[in-house]
A.B. asks: 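After the structure tokens below, expect a handful of questions from me.
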Amino acid sequence: MPLKLYNTMTRSVDEFTPRDSKTVTMYTCGPTVYNFAHIGNLRTYVFEDVLVRALAMAGFDVNRVMNVTDVGHLTDDADSGEDKMEKGAAREGKTVWEIAQYYLDAFEADMEHLHILPPTVWCKATDEIDTQIDQVKILEDKGFTYTTSDAVYFDTSKLPDYGKLSRQNLDELEAGKRVEMGEKKNPTDFALWKCSPEGTQRLMEWPSPWGVGFPGWHIECSSMAIKYLGEHLDIHCGGIDHIQVHHSNEIAQAEAALGHEWCNWWMHGEFLLAGGKMSKSSGEFLTLALLIEKGYDPIAYRYFLLGAHYRQQLQFSFEGLDAAASAIKNLTRIVEPLRAKATGAEQPIQAAMASYIEAVNDDLNMPRALAAMWNATKLDAPAGEIYATLLEMDKVLALGIATMAEDTSDLDPAAIDALIVDRTTAKAEKNWGRADEIRDELMAMGIEIMDSAEGTTWRKA
Ligand code: AMP
Ligand code: ZN
């Protein structure tokens with residue numbers, strides 16, 4: 001079954017084909033690094049990671065670019081508000097550059113914890129100011145901009161199909177927007193370059209043909225995507241909140257500058273809901289670091305996310321996360337003995353792989369893919385073949401099948417082994433009372449023992 005994906009632009013699930021039959025160009029909107037990513041943000045990055053891995057499983061090479069929004073920009077999509085980076089720096093008594101590096105490092109640590117593959121290219125907005133200025137100049141030369149006393153704006157009324165991604169026409173979009181118009185001509189117009197207010201010096205500002213200031217957020221993504229991935233993009237993704245403004249504006253800028261359609265496939269991940277605990281600007285949000293601090297294995301969070309289709313909203317709950325953590329624990333208990341018996345030469349079981357691949361290729365249906373994985377663990381087949389199958393499936397699931405192991409750091413394996421030897425001796429001497437006593441002693445330590453023809457093994461109860 002070929003890989004089929006939903007395209008927000010066409011509103012349909014279709015067979016995916018890149019322009020070049022082998023390599024997929026993909027741009028994913030990256031993190032804003034003025035604070036930690038919240039677990040909702042991470043849901044979007046896990047969805048994108050599943051996409052990258054599914055593309056690889058389907059035989060494509062993926063050339064993926066992810067930006068880092070380290071320019072302060074504005075607190076929302078309206079063109080007013082505080083600079084997020086300056087706000088973060090003031091909050092923490094650091095420089096804006098220190099803030100950006102600190103939160104980028106934290107984001108990369110989150111990615112690693114969740115087994116999210118790094119992009120082929122990372123690009124920081126502050127390293128690419130010239131790229132952004134060049135794009136604004138092109139738009140200016142082509143007549144898509146106008147300047148006000150303090151900014152260069154994109155004139156959305158110049159593009160007849162503005163808003164085609166959200167399928168709202170300009171009138172509908174304008175009616176729905178209550179923004180400070182200031183000197184803007186249309187409510188949907190947006191800043192390409194914003195000048196620093198006269199007489200003030202911002203912590204992050206750069207010279208430009210329009211005055212000292214900083215680029216708009218939308219131009220960051222489209223200009224860097226074109227620079228690194230060329231005039232035609234296969235896939236662009238992000239969270240669902242980006243459809244109406246950010247991605248619509250990226251399309252407007254890119255297509256106005258290029259003079260042709262830009263990106264073939266738009267993919268958006270639905271939101272993770274967590275009551276009021278998901279607002280980065282208010283500072284109230286759940287982070288992966290907090291889940292780890294509470295004792296959760298970060299992979300339990302990945303498993304929790306895979307339990308819902310990426311186009312459906314998902315309600316976060318600690319009960320749900322507990323269930324995911326138990327599933328990982330159970331899986332570990334199944335995997336460890338399989339791994340012990342595998343030689344490494346076994347092949348995945350084709351029939352099991354077929355139903356798994358069908359689920360992944362059906363617009364990344366990970367709940368079904370997980371079910372296919374559990375079915376594989378129950379197959380009546382040699383341990384090594386089941387293990388090889390799980391390893392193959394893990395190329396997309398990325399639960400860490402190859403290395404998953406029970407956490408025994410709180411145990412003293414030498415003491416447990418010594419007790420097991422004593423018990424074996426007691427049994428050999430037909431001292432059943434002592435053997436039972438040792439079993440109970442181990443049970444009280446939270447250790448379960450299993451006797452077999454090969455001897456006695458143990459695990460955490
Ligand atoms: P930001 O760092 O705020 O630019 O967001 C990073 C990514 O997370 C973007 O792709 C957003 O669309 C996405 N996002 C924001 N909030 C949520 C949420 N609650 N659930 C899932 N994705 C989100
Ligand atoms: Zn973006």
Side-chain angles (χ1 to χ4, degrees), residues 8 26-51 64-77 81 84-85 87-88 99-100 103-104 106-108 110-111 114 116 119 122-125 128 132 135 165 190 215-229 233 235-254 262-263 266-288 301 304-305 308-316:
T8 309
M26 174 170 168
Y27 186 89
T28 44
C29 292
T32 42
V33 286
Y34 65 100
N35 211 328
F36 293 108
H38 59 53
I39 57 171
N41 300 139
L42 295 174
R43 181 183 188 199
T44 292
Y45 298 111
V46 167
F47 139 63
E48 292 162 351
D49 183 61
V50 167
L51 172 61
R64 177 187 183 194
V65 173
M66 177 141 80
N67 67 309
V68 178
T69 300
D70 57 351
V71 175
H73 295 300
L74 311 148
T75 40
D76 52 33
D77 281 315
K84 291 173 184 171
M85 296 299 298
K87 206 172 152 188
I99 286 285
Y103 288 113
L104 176 57
F107 180 71
E108 289 190 77
D110 285 348
M111 287 177 68
L114 291 170
I116 295 172
W122 279 107
C123 49
K124 287 186 186 175
E128 302 280 352
Q132 297 166 71
Q135 275 290 304
L165 184 66
F190 53 92
W217 173 37
H218 316 300
I219 196 74
E220 169 187 332
C221 286
S222 59
S223 64
M224 297 200 292
I226 293 169
K227 171 173 171 177
Y228 287 101
L229 297 168
L233 184 61
I235 305 180
H236 194 314
C237 29
I240 196 144
D241 56 323
H242 285 343
I243 296 173
Q244 190 171 325
V245 179
H246 182 49
H247 289 168
S248 292
N249 291 350
E250 278 195 54
I251 293 170
Q253 296 162 150
W262 173 44
C263 175
W266 288 87
M267 295 188 65
H268 295 95
E270 250 296 356
F271 261 33
L272 177 84
L273 310 176
K277 300 262 181 259
M278 213 54 77
S279 164
K280 240 162 120 171
S281 47
S282 75
E284 270 262 341
F285 57 90
L286 290 168
T287 61
L288 190 67
Y301 184 56
F304 169 77
L305 295 176
H309 191 267
Y310 77 91
R311 285 198 287 122
Q312 277 171 354
Q313 287 189 343
L314 173 62
Q315 181 70 48
F316 176 79

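As the structure lists them, so they are numbered: ligands from 1, and atoms in each ligand from 1. Quick note: residue numbers are just sequence positions, from 1.
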A.B. asks: Do the side chain of Q312 and the main chain of A308 share a donor and acceptor less than 3.5 angstrom apart?
C.D. replies: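 It does not hold such a pair.
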A.B. asks: Given D110 and Y45, is the side chain to side chain donor-acceptor pair (under 3.5 Å) satisfied, shown in steps?
C.D. replies: CA-CA 10 Å; D110 285 348; Y45 298 111; over 6 Å; no
A.B. asks: Kindly indicate, with the supporting measurements, whether the criterion side chain to side chain donor-acceptor pair (under 3.5 Å) is fulfilled by Q253 and S222.
C.D. replies: CA-CA 7 Å; Q253 296 162 150; S222 59; 2.7 Å; yes
A.B. asks: I'd like to know: is the Zn ion (ligand 2) within the 2.8 Å range of an N/O/S atom from H247, strictly under that distance?
C.D. replies: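 It does not; every qualifying atom lies at 2.8 Å or beyond.
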A.B. asks: Let me see the working for L314 and F304 under side chain to side chain contact (heavy atoms under 4.5 Å, CB included), right down to the final yes or no.
C.D. replies: CA-CA 10 Å; L314 173 62; F304 169 77; 3.6 Å; yes
A.B. asks: By the definition side chain to side chain donor-acceptor pair (under 3.5 Å), identify the one residue from H268, H218, H242 that meets it with H247.
C.D. replies: H268
A.B. asks: Is E48 salt-bridged to R64, going by a charged N under 4.0 Å from an acidic O?
C.D. replies: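 Answer for the salt bridge query: yes.
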A.B. asks: Check each protein residue for a heavy atom under 4.0 Å from ligand 1 and list those that pass, ordered by chain and number.
C.D. replies: P31, T32, H38, G40, N41, T44, Y45, G238, G239, D241, H242, E270, F271, L272, M278, K280
A.B. asks: At the Zn ion (ligand 2), what is the angle formed between atom SG of C221 and atom SG of C29, rounded to the nearest 10°?
C.D. replies: 130°
A.B. asks: Is the ring centre of F36 less than 6.0 Å from the ring centre of F285?
C.D. replies: no
A.B. asks: If you look at H246, which of its N/O/S atoms is nearest to the Zn ion (ligand 2)?
C.D. replies: NE2
